[in-house]
Each structure stands twice: as structure tokens, then as C-alpha cells.
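Read through the structure below, which is laid out as C-alpha cells, and then see the notes.
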Amino acid sequence: MHQQKRQPELVEGNLPVFVFPTELIFYADDQSTHKQVLTLYNPYEFALKFKVLCTTPNKYVVADAAGAVKPQCCVDIVIRHRDVQSCHYGVKDKFRLQVSEQSQRKALGRKEVVAILLPSAKEQQKEEEEKRIKEHLTESFFFEQSFQPENRAVSSGPSLLTVFLGVVCIAALMLPTLGDVESLVPLYLHLSVNQKLVAAYILGLITMAILRT
């Protein structure tokens, strides 16, 4: 003889409630957002009845604020904002969905959904973009601060090669020019005018590089 399989007793308030989305955002300048849909899912093996409550019911119209959901089905709940005014911008209202078994009155689970009215979708996107830019700048600043000692050590002054080239160019300019008979410097150290012009040009580049560092 087979015993009838009994459903385990459910504890009041502990049943997970699955709702999407978890936040409703209405935009005053976009009438298409004044009516939004909440979807309540029932993944369980038994039917559920639901009820929608609101902290400010005078601001919203809820179609089918109470009803039932068959096992492993879902139901759409249409919510319309009917009091779109600037004084309500940024105010967060809350909807609470309570579910229970068909044969019982006690609520097995609850889920809160936040609703907010904003002036413009474009302004919201602009604020989000500015927020992302600020976060990026903050991260960049932190990165630069983290590596600043190393950077300073690397760029604290001109390199030895730069200094050496500068000294060579200065020495070249100080050497006598070809044709200078009275000089005591050996003849093979006499430079032509073109060679001194090249040395002067390189020295100018090195000076600019040092000044930039």
C-alpha cells in the first residue's frame, strides 16, 4: 500500500519570491516609461496567490493587484504612474508582493520592488557617464600615485648618455677650426666649419631635451 506523498509544511515568510525587474524607473519626459510591467514567476510545484501593496497607492494604478499564478508559470502585473510631477523626482516608493498558497491566508514570501521617478532619461545617462568618467579619473590618479616614486626616479634628470653627448659637442665647438695656424692644438683635432655646425645643432637638441625634463 502506497502512502500519499505529503508536501512539506512551508514556513511563513521564508519562501523566495522571484520578480523581474527589481526596480522600476519612470522618466517624466518619456511617456512610454509611465507604464511598466512586473513579472512574477512561480517555479514551484503548487499554485500561488499574490497581492501587490504600495507605500503610495495614490500615485500608481496597478492592474490585477491580486491574483493567482499556476505552478511553473508566470504572470505580468502592469503598473502605471499617474502622478508625474516634478515634486516627486527622486522619491523612492516601494511595492511589496506577497505570495501565499491558494488554501491559506498567511504570506509565505515577500518581495519589495523600488519605484523612482526621474526627470529625463538623457539626464540620467549623462549622470551615469559623468560618474563613469569620475571613477576612471580616480582610478587613473590612484595608478599614477602608486607608480609616482618609480617615475620620479626614472625621470629625475638627464641620462648619462645625454650629458656625455653634450660635453662632446661643447668640446668640439671649443676646438680650433681648420686653417687656424696659430693654434697649439694638433692638426688632427682641427674641425671644419660644417663639423662645428653639426656639433652646435646636436648641442641645441640636447639642451631642449634637458629643459623639458
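We're numbering straight along the sequence, starting at 1. Model, not experiment: these values are computed from the prediction.
Atom OH of Y89 has more than 12 heavy atoms from other residues, nucleotides or ligands within 6.0 Å. Within 6.0 Å of the NZ atom in K49, the count of heavy atoms belonging to other residues, nucleotides or ligands exceeds 12. More than 12 heavy-atom neighbours from other residues, nucleotides or ligands sit within 6.0 angstrom of CG on D30. With a 6.0 Å radius and a threshold of 12 heavy atoms from other residues, nucleotides or ligands, Q72 has its CD atom above the threshold.
Remark: the backbone N or O of K70 is paired with a side-chain donor or acceptor of N42 at under 3.5 angstrom. With hydrogens and angles ignored, the 3.5 Å screen pairs a side-chain donor or acceptor of H81 with a backbone N or O of D83. Distance alone, capped at 3.5 Å, places no donor-acceptor pair between the R110 side chain and the V17 backbone. Formation of a donor-acceptor pair under 3.5 Å by the T55 side chain with backbone atoms of K94 is found in this model.
Taken from CD in E112 to CD in Q98, the straight-line distance is 10.0 Å, to the nearest 0.5 Å. Here I77 contributes atom CD1 and T39 contributes atom OG1; the two are 8.0 Å apart, rounded to the nearest 0.5 Å. Taking CG of L97 as the start and NZ of K111 as the end, the distance is 10.0 Å to the nearest 0.5 Å. Between the CD1 atom in I116 and the OH atom in Y27 there is a gap of 9.0 Å [rounded to 0.5 Å].
Looking at H34 and R82, their side chains never come closer than 4.5 Å, going by heavy atoms from C-beta outward. Under the 4.5 Å side-chain criterion, counting only non-hydrogen atoms from C-beta, Y44 is in contact with P16. Here the side chains of V84 and F26 are not in contact, with every heavy-atom distance at 4.5 Å or above. Residues I25 and T33 have side chains not in contact (no heavy-atom distance under 4.5 Å, counting atoms from C-beta outward).
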Inset, instruction - Tell me, with the steps shown, if D64 and V78 meet side-chain contact (heavy atoms from CB on, under 4.5 Å). - result: CA-CA 8 Å; D64 301 325; V78 180; over 6 Å; no
*Starting from the C-alpha separation in whole Å, work towards a yes-or-no answer on side-chain contact (heavy atoms from CB on, under 4.5 Å) for I79 and Q36.*
CA-CA 5 Å; I79 298 177; Q36 300 202 29; 5.5 Å; no
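Note on I170 and L173: same hydrophobic cluster, where clusters join Ile, Leu, Val, Met, Phe, Trp and Tyr whose side-chain heavy atoms are under 4.5 Å apart, directly or indirectly. One hydrophobic cluster, built from ILVMFWY side chains closer than 4.5 Å, holds both V99 and F20. Hydrophobic cluster membership differs between L38 and V61, with clusters built from Ile, Leu, Val, Met, Phe, Trp and Tyr side chains linked at under 4.5 angstrom. With hydrophobic clusters built from ILVMFWY side chains whose heavy atoms lie under 4.5 angstrom apart, L117 does not share a cluster with V114. Under the 4.5 Å side-chain contact rule for hydrophobic residues, F46 and V69 share a cluster.
Closest non-hydrogen pair, A47 versus P71, comes out as N-CG, 3.6 Å. Across all non-hydrogen atoms, the minimal contact from C54 to P57 is O-CD, 3.6 Å. Summarising the geometry of V113 relative to P21, their closest heavy-atom pair is CG1-O, 4.0 Å, with the distance given to 0.1 Å. In terms of heavy atoms, A107 sits closest to S100 at CA-CB, 4.2 Å. Heavy-atom minimum distance, F50 versus A68: CE2-N, 3.5 Å. When all heavy atoms of C169 and L203 are compared, the pair lying nearest together is CB-CB, 3.9 Å.
Taking the six-membered ring where the residue is Trp, F95 and Y60 present perpendicular rings, their angle passing 60° and hence far from 30°.
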